Amino acid sequence: MSWWSDFKANRELGDARRAMASARSPFSIGKFIDRCIDKNRYDLALEEAEKGNAEFPHSEALTAAYKRLIRAVHSEDLKNGRNDVRKAPGPKAYYKLARLYKKMRDLDQAIELARKGVELYPNFEGNYIVLADIRYERFQRDMRATDGLQAIDLFERAVDLNRENYRLLFQLAEIYSAIGARGKALEKAEMILDFAPDDRNAVALIEKLRQRPPNSFGSLKELLDDFERRVAAGAIERAGALSSRYTRNPDHLARKLPGLAEGLLGFERVVVLGPKNELLAAHPGSGSDNREVAETFKRMFEAAIECSLRMDISTFDKGLFDADDGFTYLLVIDQLKIAVVCGAKTKKKNLLNQVHRFVEHDLYL
Amino acid sequence: MDQILGSLNQVAGVKGSMVVTKDGSVVSESLGPDLERESVAAVSSLIIQVSERSLTSMGRKSFSQFILTSAHGRMVFVNMDVGYLVVITKMEMSLEQVLLEVESAARKIRGTGKRI
């Protein structure tokens, strides 16, 4: 690259960074990441993506931009990984490619490859770890006992194959600790001391665990079921920044809703429910005008959420009903449930774009 | 109908499909190894019934198509008047491409004229 094109690229990225900073949201960070990808400045893009993911962990726009970035950064690795699986298959070839797909958030491919790896090479622990990691991520997101049990089972199978994998043992000890299985956590942390007797992290974890009282649950399933019950009862805090902000201040949300209506031809109604299905805001009309319709949306959201969980496809993100008289669009963003109703004049693409921008940009400002 | 669903399942990203009535009776199905017939029929019936009832109560027409997107998968429901085509897909495939195939399958099923 010549100095002039370098200079131009830096100037453009400087402008893009200022635009992002003036209205920081997942949407604007995503745009900046895309600009960096265009200019092959993967270092800047990665730095911003990591900051953005920490700041807005529930954002769809950021996740999508991160996927594009990882695909661009690892395009060569992906090609090589696929070649290895085809031409020189082995347990590590499956493991490496599955991990790469996981990093790229292409989870279907990652699961498929890791499962194949487990089937062909059952004595190699790596592919169990990939499957366990994916299941554990889902447990962290959905907080369902079945996911937790499956993740632990897969991690334990990996430990059975390699009892000296530090990262694996430590992670498993932390998972047990997080769900309150003190005895199991101690057991795994002590296994680390068998081969690394002076490990400071393991010693610190053991000390912390010994200070806790033992729990009264018999089996791991009972413990996880109790954990799931506590989550459902709201005893464990799950709401993110967006949800907390608007639950505390629903008037602020109500003031933003007309903005969605303005850009959307055929708009009829928007209703937002909070984490406990309470009506937070609606437009047009006041809360009391929309109470009945909010009850109806509550039932629709509950059915969609139950449907997703029973189908084992993780938590419900969005649902679009297409009918002769228009669209009904349901979305869940960081525990907020948003329902948008539009008439027959609305173009589907416009609806999706406007709502996307509203939830990924306007709501964060 | 089995043939139509069988070829729909050959499309990349489609994990399984089913034709089901509103009350959950399975007319025809072609499901992948990870999907259970009873489970898919039950959840489909639940979401179809609740959605139809809710839309009607708000004075809106029945849906012709409903796309449910979750973190790890998608379900597409097509109302064929006499029953519903339910298709379960992976997340990573292009939705537009899968929808073309789903709509084509729905047209063919309607064309069979089978009474459900």
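Proteins come first, then strands; the chains are lettered A, B, ... in the order of their sequence lines, and each starts at number 1. Predicted model only: the values in this text are computed from it and were never measured.
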Heavy-atom cut-off 4.5 Å, strictly under: side chain, backbone, both or neither for A:Val341 against chain B?
side chain
Contacts of type side-chain contact (heavy atoms from CB on, under 4.5 Å), residue A:Ala281, not counting sequence neighbours
A:Leu253, A:Ala254, A:Leu257
Side-chain heavy atoms of B:Val40 within contact of A:Met311, under 4.5 Å
yes
Measuring heavy-atom distances to chain B, does A:Phe297 have an atom under 4.5 Å in its side chain, in its backbone, in both, or in neither?
side chain
Taking all non-hydrogen atoms of both residues into account, name the closest pair between B:Val43 and A:Cys307 and its distance.
CB-SG, 4.0 Å
Separation of B:Phe66 CZ from A:Phe327 CZ (nearest 0.5 Å)
14.0 Å
Under 4.5 Å heavy-atom distance to chain A, tell me which part of B:Met91 shows up: side chain, backbone, both or neither.
both
Record all donor-acceptor atom pairs with a distance under 3.5 Å between chain A and chain B; write none if the list is empty.
residue, atom, partner, partner atom, Å
A:Asp108, OD2, B:Met91, N, 3.0
A:Glu112, OE1, B:Lys90, NZ, 2.7
A:Arg115, NH1, B:Asp34, OD2, 3.2
A:Arg138, NE, B:His72, ND1, 2.9
A:Arg138, NH2, B:His72, ND1, 2.7
A:Glu268, OE1, B:Arg60, NH1, 2.8
A:Ser308, OG, B:Ser70, OG, 2.6
A:Ile313, O, B:His72, N, 3.0
A:Thr315, O, B:Ala71, N, 3.2
A:Asp317, N, B:Thr69, O, 2.8
A:Lys318, N, B:Thr69, O, 3.0
A:Lys318, O, B:Thr69, N, 2.7
A:Leu320, N, B:Ile67, O, 2.9
A:Leu320, O, B:Ile67, N, 3.0
A:Asp322, N, B:Gln65, O, 2.8
A:Asp322, O, B:Ser64, N, 2.6
A:Asp322, O, B:Ser64, OG, 2.8
A:Asp322, O, B:Gln65, N, 3.2
A:Asp325, O, B:Arg60, NH2, 3.0
A:Asp325, OD2, B:Lys61, N, 2.8
A:Cys342, O, B:Arg60, NH2, 2.8

